[in-house]
Student: 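Quick one: the structure is below, and I'll ask about it shortly.
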Amino acid sequence: MKKLSLFILTVLLFLPSFGDEVRLKPYIMAGYEKGELQDSADNVEKLLKEKNFDLLGKYSPMRSDERIVIVATHKLLKDSVSKFGGLLGFASVLRFGLYKNGDNIEISYMNPLYWGNAYFRKKFPEVENNYKNLLKILTETFSGLSEVKNFQFGSKKGLKVKKLRKYHYMVFMPYFDNVEKLAKNTDYKSILDKIELNFSKKIGSVEKVYRLDFPELKLTLFGGALYGKNGESKFIPKIDKADTKHVAFMPYEFLVMENKVVMLHGKFRIALSFPDLSMGTFMKIVSTPGDIEDYFEDIVKK
């Protein structure tokens, strides 16, 4: 009865018609488990499969013994992306984070409504029902955890829907569609073959975490683990300082779009993942957007 009541409450909290006063945060803490981190990751994968999620990849950011990220997609996500294509390919996956915090394994995931509004923007009402249904499925998926939580986190006050749909960190900072071009004037199949070859040769300091194809749209999304001196171990500790960790922030991704390859600008993607980031902290990772671009260019161009 307690879990049923929590489920009903969650649905009531998250499923109103979106208005200017609705505030959303980037992540949802599903709950806590006990035991070993890898065992919990195996259980999360099992739960996701039971709800018809397609598992795409798994890795440990910074090669940390305390963090695991699982990347998955779902028909509702793919249907939403297929409706529009283009840069909406970035919206095709969900990331699930596991963090070992003392005796607890904290299990969190990207808040679909937050990221959906930020990526689809004015088009979000056309896929809103898919996202509401997805959140309902996610709530059901984790309703059997040892300790169910279901609270939003990642921002003290959250962002209003109106702001999310035209998000940028501050004046003169990039918006969603101000992407960085990693390559242009390419052939879709040829660039995919080149990327896979470079991953297999371990060129640069990026390791492939996942790949998701939309061949009918000539879209492919890649997620990469960023290792090396300017990678995850350099910037994550500087920004992920809250008690409740933003584990599902990673991995970073790039998108092959027919005849070009793009990534979300770091000053957009990182800020969207940490919307309360102070300018002082942002300045500590001022080189990170360029470092990520350099890492991905090694995979795309060499």
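Numbers for residues simply follow the sequence, beginning at 1. On a predicted model such as this, the values are computed, not experimentally measured, just so you know.
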Student: So does Lys46 pair up with Glu50, basic N to acidic O under 4.0 Å?
Tutor: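 Salt bridge present between Lys46 and Glu50.
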
Student: Passes side-chain contact (heavy atoms from CB on, under 4.5 Å), Val179 versus Leu264? Steps please.
Tutor: CA-CA 5 Å; Val179 295; Leu264 294 176; 4.1 Å; yes

Student: Measure from NZ or CZ of Arg269 to the centre of the six-membered ring of Tyr252 and say whether it is under 6.0 Å with the direction within 45° of the ring axis.
Tutor: yes

Student: Checking Glu66 side chain against Lys100 main chain: does a donor-acceptor pair fall under 3.5 Å?
Tutor: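 A pair under 3.5 Å: no.
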
Student: Rounded to the nearest 0.5 Å, what separates atom CG in Asp240 from atom CD in Glu232?
Tutor: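 The distance works out to 11.5 Å.
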
Student: Tell me whether Lys234 at atom NZ has more than 12 heavy atoms from other residues, nucleotides or ligands lying less than 6.0 Å away.
Tutor: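 Above 12, so yes.
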
Student: Could you tell me whether the side chain of Asp291 reaches within less than 4.5 Å of the side chain of Leu226, counting heavy atoms only?
Tutor: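 No; the side chains remain at least 4.5 Å from each other.
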
Student: Check ring pair (Phe, Tyr, Trp, His ring centres under 6.0 Å) between Tyr27 and all other residues, then give those that pass, not counting sequence neighbours.
Tutor: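 Applying ring pair (Phe, Tyr, Trp, His ring centres under 6.0 Å) to Tyr27 gives Phe153, His246.
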
Student: Any sub-3.5 Å donor-acceptor pair from Tyr169's side-chain atoms to Lys267's backbone N or O?
Tutor: no

Student: For the hydrophobic clusters of this structure (ILVMFWY residues joined by side-chain heavy atoms under 4.5 Å, transitively), does one cluster hold both Ile203 and Val261?
Tutor: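 No; Val261 is not reachable from Ile203 via cluster members.
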
Student: Charged N to carboxylate O under 4.0 angstrom, Arg63 versus Glu207?
Tutor: yes

Student: So, Tyr99 and Ser108: side-chain donor and acceptor under 3.5 Å apart, yes or no?
Tutor: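 Their side chains do not contain a donor-acceptor pair, so the 3.5 Å distance test is not met.
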
Student: When clusters are formed by joining ILVMFWY residues with side-chain heavy atoms under 4.5 Å apart, either directly or through shared neighbours, do Val206 and Leu197 land in the same one?
Tutor: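 The answer is no; the residues belong to distinct hydrophobic clusters.
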
Student: Grouping I, L, V, M, F, W and Y whenever their side-chain heavy atoms are under 4.5 Å apart, do Phe172 and Met283 come out in a common cluster?
Tutor: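 Per the 4.5 Å side-chain linkage, Phe172 and Met283 are not co-clustered.
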
Student: Roughly how far, to the nearest 0.5 Å, is the CG atom of Asn43 from the CG atom of Leu48?
Tutor: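 One gets 9.5 Å once the value is rounded to the nearest 0.5 Å.
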
Student: Looking just at side-chain N and O atoms, do Asn104 and Lys34 make a donor-acceptor pair shorter than 3.5 Å?
Tutor: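 Indeed, the side chains of Asn104 and Lys34 share at least one donor-acceptor pair under 3.5 Å.
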
Student: Would the distance check show the side chain of Tyr167 and the main-chain N or O of Ala271 forming a donor-acceptor pair, the cut-off being under 3.5 Å?
Tutor: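 Pair found, side chain donor or acceptor close to backbone of Ala271.
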
Student: Would you mind writing out the side-chain donor-acceptor pairs for residues 75-84 within the sub-3.5 Å range, not counting sequence neighbours?
Tutor:
residue : atom : partner : partner atom : Å
Lys75   : NZ   : Asp79   : OD2          : 2.6
Lys78   : NZ   : Asp54   : OD2          : 3.0
Ser80   : OG   : Leu76   : O            : 2.8
Ser80   : OG   : Asn130  : ND2          : 3.0
Ser82   : OG   : Lys78   : O            : 2.8

Student: Can you tell me which residue pairs pass the ring-ring contact (aromatic ring centres under 6.0 Å, His included) test with a partner in residues 28-54, sequence neighbours excluded?
Tutor: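 Qualifying pairs: Phe53-His74.
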
Student: I'd like to know if the side chain of Asp276 and the backbone of Lys156 have a donor-acceptor N/O pair within less than 3.5 Å.
Tutor: yes

Student: Side chains of Ile299 and Phe254: does their closest heavy-atom pair fall under 4.5 Å?
Tutor: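 Yes. Closest side-chain heavy atoms under 4.5 Å.
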
Student: May I ask you to decide if the ring planes of Tyr175 and His168 are parallel, tilted or perpendicular, using 30° and 60° as cut-offs?
Tutor: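 Because their plane-to-plane angle is under 30°, the rings of Tyr175 and His168 count as parallel.
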
Student: Look only at the side chain of Thr73 and the backbone of Ser92, and say whether a donor-acceptor pair between them is shorter than 3.5 Å.
Tutor: yes

Student: Does a side-chain N-to-carboxylate-O contact under 4.0 Å join Glu196 and Arg211?
Tutor: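 Salt bridge between Glu196 and Arg211, a charged N being under 4.0 Å from a carboxylate O: yes.
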
Student: Start with the C-alpha gap between Tyr210 and Leu221, add the side-chain angles, then the distance that decides, and say whether side-chain contact (heavy atoms from CB on, under 4.5 Å) holds.
Tutor: CA-CA 8 Å; Tyr210 71 87; Leu221 185 68; 3.6 Å; yes

Student: For the backbone of Lys25 and the side chain of Gln152, can you confirm whether one donor and one acceptor N or O come within less than 3.5 Å of each other?
Tutor: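 Confirmed, Gln152 side chain pairs with Lys25 backbone.
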
